[in-house]
Every structure is written in structure tokens, then in C-alpha cells.
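Chain A is the first sequence line, chain B the second, and so forth, proteins listed ahead of strands; every chain is numbered from 1.
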Amino acid sequence: MSEEREDHRYDHRAVDAKWQAYWEEHDSFATPTDRTKPKYYVLDMFPYPSGAGLHVGHPKGYVATDIVARARRMMGFNVLRVMGWDSFGLPAERQAVKEGKHPRAITERNVKTFKDQLRQLGLSYDWSRELATSDKRYYRWTQWIFLQLMDAGLAYRSSLPVNWCPAQGTVLANEEVKDGVYVETGDPVEKRELEQWMLRITDYAEPLLAGLESVDWPEGIKEQQRNWIGRSEGAEIRFAVEGHDAQVEVFTTRPDTLFGCTYVVLAPEHPLVDAITADGQREAVAAYREQASKLSDRDRTTQAADAPKTGADTGAKAINPLNGEAVPIWVADYVLASYGTGAVFACPAHDERDYAFAKTFSLPIKEVVSGGDIAQAAYTGDGPHVNSDFMDGLDIAAAKKAVIARLERDGAGKGTVNYRLRDWLFSRQRYWGEPFPLVINDDGSVTPLPESALPVELPELDEYRPTEDGSPPLARAADWVQTTNPVTGAPARRETNTMPQWAGSCWYYLRFISPTDDTQAWDPEEEKYWMPVDLYVGGAEHATLHLLYARFWHQVLYDRGLVSTPEPFQRLFNQGMIHAISYQDERGKYYHPDEVEERDGTFYVKGTNTQLATKHEKMSKSKSNVANPDDLCASHGADALRLYELFMGPLEDGATWETSGVAGTRRFLERTWRLVIDDRTGALSAKLGDASDGDADLERTLHEAIKRVTEGVDSLKLNTAISQMMIFVNEASKRDKVPRAWVESFVLILSPFAPHICEELWQRLGHEGGLAAASWPSYDEAKLKVAEVEIVVQVKGKIVSRIMIPAEASEAEALAAAKADAAVAERIAGKTIRKEVFVPGRLVNIVAT
RNA sequence: GGGAGCGUAGCCCAACGGCAGAGGCAGAGGACUUAAAAUCCUUCCAGUGCGGGUUCGAGUCCCGCCGCUCCUACCA
């Protein structure tokens, strides 16, 4: 008897497996080919397939988009829902070196792990459109886009210093270098000049700013992009150098303080330094530049404005173009070579950094804007100008105008706009990336390859480290490097750098439109149909890099008439990060939750007296606080996991993972199951009745749930949608009879969240063709209303009574009913009514004195 | 230093400016059971980080603090 009963309970293993197989067999999520219906392109930021696999934090966004995709299909949209792999990148290359395998083999292994994990979650991807950026059928077109960029004059070569680590024989990213050493090993890092490819993203600074106005993105992300682009208006001013032909050009946003200039500063790398340095200062300046060059960019820029200032006097003098005054020229690393002109004029009275520098080196400080106390600190606020000749008495805005006009008249400078955004360093000294589609001729000139020569495939190597002389790994493929110019037939060599990982992710959303087309990157007709991406979901950590780079490429493609929309991602949504509790002993060792026990509110290593500190941290293997989706699919089922991912809280918020919460959504699914199935017999529940078995309260709960879920698909407020569905199931479970049609509607709205169990229930309810054939239920506003409502009656804002009135009652009726209440009447007797407030369905407030 | 966000019950979280509680977790009690699990029922628990202000009315809007998270950082 009991065994038989077991057989009819909700068995997630059987249900999950059955329907995942069904979907695959029936191609349930194939992208529709008719073009008559409205389209919806919902996209996840595709992952880098790391060796660690997925933890429960990763699928949060994927589950959210899956709900949107499944619901939109039922609502009659053609949905494009796809997944791929950002599969070029350094970790695979490192792992390849470690294991002595090809990075491709490592990548394929990791992709398989990821894909298996995603499949278990029942995500409705059209897997026939799967792509990988490291696939030559894909990177052929990445190379093609690079040719477009070259053709548009947006790609150029430039010699730049990079971080070179001799001990590791490799180049390092800025993030990997601190205090002049490789953070992982402590090996020293030096700067090495290498020929690099750059992309002129700065040419697109204005369109990138302007485009933000037209997209539906979180304000915070837009603001980050604006800050990153960093538009600032100011002036370029030329200072003559005393005794030299040379001129120093500076950029400033405060040309109005030019009379307060007491010195000029060049960045240590400024090209004029050698030419102008006085003989007596050569040694000191050389020593300073040497010292500065040893610091990584990061060290030079992570310090706050009040950091100790260093510098050296060149002994040269610059002439202030306004008053002819000669001021000393210094070299200091607080001026960055890569911003503006790499030189500034210093006005210590009104700039904190200049102030600190002037104090350090006892340079004069001259006030030109009144309102502060420059004996104490720099004054950066507004005020009437002083000691400034024609600007005296003007405020900052007026003074700026006046001084720019004067400089322009005198030919000593001009008003300009500057950007913080730098050109994009677009080459890496790595193997596992896209080769450049070009050859370098013997004279150093570059010839782009014709389209017919694409793809330029990565050659096979058996060693992925850089060469001994520091050339990138591709230099090892001598036969590959040595080639001929396709136009002239003359000997030429290939570029041994590869593209950075961002390249492939810059346009993958376009390739998903026609991923198997080997004749073009995408089909223009299909592109017109599907673009732009209607909803793009991913982490906020990509706010400035990926999302800016992709917009840049897209705008270039748009300007060349290759895509139909100026912006790629119409709506962006950032899912919050999932954190989890970690347990650490005094020495910092992490313990897995299974090794931990709680006694009297304190945590200990099981069976010992070793006390543990708890912390909420990012999920990470190294912190032993990772929850694995595979385990949860096995123990609670994919649907319970999917529900919990979203039930935890608002999608955009961070949340703390608690596996015990999955038990709650699992119980909800079990209650749902019992609503439909008699778990003693496996037959349909005897509860299911006809329309006459329903009551208005339950019907209202159902319609409320349909409404919340329908709206949640748009707003992505899915946690409250789930809770409304829980209310319906709790209520329905209490009834002896529930109209079958209501239960069916409920199964449909739950199905995007919990597709496996809902397919099963839908089938058992006698429907053919699966949920794919079903359409979305609608709600009826009229059904959401109740006949009578209890409203609160306040007198002067204090609750004195509660009365029942018809829901449709007018203000006059409600007030009359309120005043008829004894407690109210008593309180307003003999007083003057100053104000009466009526909030329909909520309250009445009578202000009487 | 700058920017963004968050702070409601033991915990996760709800509340068009209108009765602070929808849902879940954990806890307690009970029903069912030989017992346990499962299930069902009942139940405890905060006045919304702090201080002002606007308002008939503030968790919600405004100002100032405190705490936490994320991003960014000598950008002239």
C-alpha cells in the first residue's frame, strides 16, 4: 500500500528526465521560421566556460530569461533564445600549459561540463544555434569585422609599454601586477615596449554618449558608461619654453585659473622632457623617470588625490601666454601621459593635487578665486576672480568664456573637449585568441587580407608559452608566420599577437541570428527582423568593458550600413550576485558547511572546539561556500531550484544562498502536484470539478496570480509573482472542489517557472502536444474585485474604527458610513471638520478640530 | 576622494504616500502514525538603522548622519 503510494507522488527525477528528453526529441525550442508574428530576442550574457563549472549563482539570470522566453512563446511571440561560449581566453591557455594539452581540448571539456549543467536546468535554448567564439566558423567573421574596422580607419598600430615578466616568460595584464611584481608569484615585472594594435574607440565618444539616451538600461550602468567616457570641456593652452623652439601644450578644465599658474608639469613619459631638461638637472630627471617607469600603471593611478607627491625639476621655464611670466617646468607622475596632452599647468591655489605638490616642493601658491583660505587648503569652489586682470570679479563660468576668447584671439590656445576614454588596446601576446587578418610587409607596412583568405586559422603548436626572446607564442609557428603578401606576392609575415577576449563577445548577438551561414556574418533580412536584442540580462561587472566595446562595434557596423539599429541592446537588466555564508577559522582556513556545526549560537568545526567566524561572501570554490546546481537538481529537482533562484528576492538584488529555501519551493511543487494528482492512485484528483465548484475568493486569487505573473514577465518582479502563485495553491488546497479550468490556467502560468512538472501535469490533464501548443491565460480585472471591503476610519490620522462598505462606494457614501460609526461620531461631535480624505478601498480620514 | 545601491520579525523578503505582513525558511504546539518521515492545522516574533523635515497620514518623499555592498579612482 505505502509503496504504491510512493509511486504516485511527485518524482522529480522521472519527470525532469522525461520532459528534457521530450523537448529534445520534438525540437520544442527551435526558433520559428515564419515572420508574421512579433519577435522577441531575449539574450543572456554568454559565459566563459571555466574549469570550475557552474554554481547556483550563474543560472539566476538564465532562469529569469527562460521564464520570459517560455511565457512570451505562449503569448504568441517568435522567441530567439540561444546560448554560446565566450571560449577564447587566458585560463584555458594556462590550463593547457599545465596539463600539456591543447587549449581547444581544455575548452571543449569545459563547454561539455557547462552544457550538461545547463541542460539539467531545463533551459529552453535553441541548441541548434549554439556557437563558440573559438570556433573558426565563428572567428572567421570576427576577423571580417576587424577588416571593416581597418577599412574605416579605426585600427592602427602603436608602440606601447606592456608588463613583461621575465621569470614567467609572459606578458601580464595590469590587474596582475602590483608593486612591480607579479601578484601570484612575486616575480619582478618590467615594462617593455611592444608594437600593439589599437582601436579608435575615442572617435565614437560622442555617439556612445548620445546612444545612452535611447536605451532602456539601469540608470547606474548608463552613469558608469558616462563616467568611463568622461567627457570634459576645457581648453588647450600653449606655453612657450624659454630658450627653446619647443612649446608645451597643456589641457585644463580650469583655464580661468591661468593667472594662478605657478609651474607646469610634464608626465615622465612626455616626449619633450629630454629636449628641455637643463644640463644641471639631467641626472635627477633621469633618475626620477627611471623610478616612475618601474611602477605599474595601476600603482600610479590607484592612489588618492592626497597621496604623497613626487617629481623632479627640469630646470626649464615655461612662459605663461597671458602675462608672460616664466614658471618652472617639473616632471611628476601625478600627471598621466595618456590623458589630455600629458602635460598640465599647475594652479595650486585651486587644485588639490597641485596644492599638495606645491607644498611638498615649496612652490608658490597664488590665489585667483576668492572665497577660500589658501593658506589652509586649495579652494575649488566658485567665487569672484582676483589677481586676474580682465577676469577680475567674474565667476568661474564667465571667466572661462573670457579667457578662452582671449587665448583664441592671441592664438595661444583654444576651447576643446577631452575624454577620459582611451583608445582600446586590441592585441594580446597570447595563443588562444583570434589571429589578425593581415600581413606585415618587410617595410613595416600592413596589408589587410582579402575576405577570401579568411579565416586565418590558428596554427597548431606544441608549446603555448611565449618564446625565450619574449615574442608571443605564435612566433613559434615559423612556417605560419612566414607568408606572402596576397597582393604583391612579396614575402611578408603574419601578426603574432592575437585579439583580446572582448573581440568575440562584441558581436555574438548578431551571429546568433544566422549562426551556420558560412557565406556571411549574418543574414541582413534576418538581422532586420530580430534586432535589436529586446532584453539582455547579465551581471553589472560588464558595465563598462563588454557593454561599451559591443556598442562601439555595433555603431561602426551601423555607420557602414551593415546593421539596421544604432544600438544593439534595447533593454538591459542586471541580475544581482548570489552570496553565501563561509566559515573560516583563526588562521583563515575555510570549511565546507558539512564540516561545521552550531552550538549555542557559535559555529565550530564538527566534533571539535575550533571556533569559526562566518562571513557573507561571493560564492567561490576557494571559499568552500559553493552550492552546486547538479546536486540540487538531483535532490530537489530542477523546477524547485529554478523557483528558488527567483523566489529569493528581487532579481536585481544580491541575495544570500540558503539551500534550506529550496525545500520551501519544493514543498510548493508537491502541493501543486497533489492539487492535480491523487497520490494514492495516480489518477486525477477528485478535487477537480466543474465551473460551478468555484468560489469568488479563490477565483480572485487565481486572477491575481495570472496578473502578477503576466506583469512579472515584463517587469521581472518574479519573486512576488511566485508568492502569489503560492497563495493560490494554499487556498485551492483547502477547498474540497476546485474548477478544473482554474487549475489548468494555474498550471499554464506556473509552467515558465517549473516547466518539467507542468508539462507532466498538463499531459495528465489530457492535453496533447505539450505546453508548446498552449496559449497564455488572461486575467479579468472584474474578477479581481471584491463586493465589500473593510476600510479603516481615521480621525486626525488615528485609527478609531473599521467599517465594511461596498467596494464601489463613492466618497460621499463612505464618509456618511464613517460618520455613522459610533466611535467616529463621538470623536467629531461638536468639532469643525477641516478636511476629509477618502482612499477607495483603503480608508477614510476625518480631520476635525 | 567620487558614483551607485541597500538597511522592515531569528533569517530571506512583501507592502499605488493610506490598517507594517503577502509568501518562504527556521522555531513552538497540535492532528495523523506503534514510531518516525511526509502531510495538515495552529502559533510565537519587528513598528521599518539614527536624527530632523514635508504631509490629514511617511517603511515609502526631502535633508543630515551611521552601517554594509558594488563600481571607480592623481583624468588636470
[N] to [M] separation - [atom1] atoms, rounded to the nearest Å:
| N | M | atom1 | result |
| --- | --- | --- | --- |
| rG47(B) | rA20(B) | C1' | 7 Å |
| rU42(B) | rA4(B) | C1' | 45 Å |
| rU48(B) | rG59(B) | C1' | 5 Å |
| rA38(B) | rG27(B) | P | 11 Å |
| rC71(B) | rA9(B) | C1' | 32 Å |
| rC12(B) | rA73(B) | C1' | 34 Å |
| rU39(B) | rG49(B) | C1' | 41 Å |
| rA76(B) | rG3(B) | P | 15 Å |

Which of the following nucleotides, [options], is nearest to the side chain of [X]?
| X | options | value |
| --- | --- | --- |
| Arg842(A) | rG18(B), rG24(B), rC25(B) | rG18(B) |
| Tyr339(A) | rA76(B), rG3(B), rA73(B) | rA76(B) |
| Trp228(A) | rA76(B), rA73(B), rC56(B) | rA73(B) |
| Ser232(A) | rG23(B), rA14(B), rA76(B) | rA76(B) |
| Thr253(A) | rC56(B), rA73(B), rA76(B) | rA76(B) |
| Arg667(A) | rG24(B), rA26(B), rA76(B) | rA26(B) |
| Glu223(A) | rG3(B), rG18(B), rA76(B) | rG3(B) |
| Asn719(A) | rC13(B), rG18(B), rA76(B) | rC13(B) |
| Phe647(A) | rG18(B), rC11(B), rG23(B) | rG23(B) |
| Ile727(A) | rC56(B), rA76(B), rA22(B) | rA22(B) |

Whole-Å gap separating [atom2] ([N]) and [atom1] ([X]):
| X | N | atom1 | atom2 | value |
| --- | --- | --- | --- | --- |
| Arg9(A) | rU39(B) | CZ | P | 8 Å |
| Glu731(A) | rC40(B) | CD | C1' | 15 Å |
| Glu652(A) | rA14(B) | CD | C1' | 14 Å |
| Arg420(A) | rG2(B) | CZ | P | 16 Å |
| Met726(A) | rG24(B) | CE | C1' | 6 Å |
| Met577(A) | rC70(B) | CE | P | 8 Å |
| Ile722(A) | rC12(B) | CD1 | C1' | 13 Å |
| Asn227(A) | rC71(B) | CG | C1' | 10 Å |

Item to complete: Could you say whether Val792(A) or Lys734(A) is positioned toward the 5' end of RNA chain B, judged by the nucleotide with the nearest heavy atom to each?
Response: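 The answer here is Val792(A).
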Item to complete: For Ala663(A) and for Arg671(A), locate the closest nucleotide of RNA chain B by heavy-atom distance; then report the residue assigned to the nucleotide nearer the 5' terminus.
Response: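 Taking each residue's closest nucleotide, the earlier one in sequence belongs to Ala663(A).
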Rounded distance [0.5 Å steps], [atom1] in [X] versus [atom2] in [Y]:
| X | Y | atom1 | atom2 | answer |
| --- | --- | --- | --- | --- |
| Thr360(A) | Tyr334(A) | OG1 | OH | 9.5 Å |
| Thr253(A) | Ile396(A) | OG1 | CD1 | 9.5 Å |
| His703(A) | Leu698(A) | NE2 | CG | 10.0 Å |

Discussion item. Once hydrogens and angles are ignored, does a donor-acceptor distance under 3.5 Å link the base of rG1(B) to the side chain of Glu352(A)?
Written reply: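 Side chain to base: no pair below 3.5 Å.
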Fill in: N/O donor-acceptor pair, side chain Thr252(A) with base rA76(B), under 3.5 angstrom
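Counting by modelled atom types and ignoring angles, no donor-acceptor contact under 3.5 Å is found here.
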Practice prompt. Mind telling me if rG59(B) is syn or anti? Syn here is a glycosidic angle within 90° of 0.
Written response: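 For rG59(B), whose glycosidic angle is more than 90° from 0, the conformation is anti.
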Does [X] reach a base, just sugar-phosphate, or nothing at all? Heavy atoms under 4.0 Å.
| X | answer |
| --- | --- |
| Arg708(A) | nothing |
| Gly654(A) | sugar-phosphate |
| Pro650(A) | sugar-phosphate |
| Glu670(A) | sugar-phosphate |
| Gln724(A) | nothing |

Using a cut-off of less than 4.0 Å, is there contact between a side-chain N or O of [X] and OP1 or OP2 of [N]?
| X | N | answer |
| --- | --- | --- |
| Arg674(A) | rC40(B) | yes |
| Tyr644(A) | rG24(B) | no |
| Asn730(A) | rG24(B) | yes |

[N] pairs with which nucleotide, Watson-Crick or G-U wobble, both distances below 3.5 Å?
| N | value |
| --- | --- |
| rA4(B) | rU69(B) |
| rU54(B) | none |
| rU60(B) | none |
| rU42(B) | rA28(B) |

Tell me if the aromatic rings of [X] and [Y] count as close, with their centers under 6.0 Å from one another.
| X | Y | result |
| --- | --- | --- |
| Trp657(A) | Tyr644(A) | yes |
| Phe357(A) | Tyr263(A) | yes |
| Trp217(A) | Phe573(A) | no |

Discussion item. What I'd like to find out is whether the side chain of Tyr10(A) reaches to under 4.5 Å of the side chain of Arg674(A), using heavy atoms alone.
Written reply: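 The answer is no, as the side chains (C-beta and beyond) never meet within the 4.5 Å cut-off.
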Worksheet item: Taking all non-hydrogen atoms of both residues, which atom of Lys734(A) and which atom of Lys687(A) are closest, and how far apart?
Response: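 Closest pair (atom of Lys734(A), atom of Lys687(A), distance): N-NZ, 4.2 Å.
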Item to complete: Quick one: closest heavy-atom pair of Ile237(A) and Pro255(A), and the distance?
Response: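 Heavy-atom minimum between the residues: CD1-CB, 4.3 Å.
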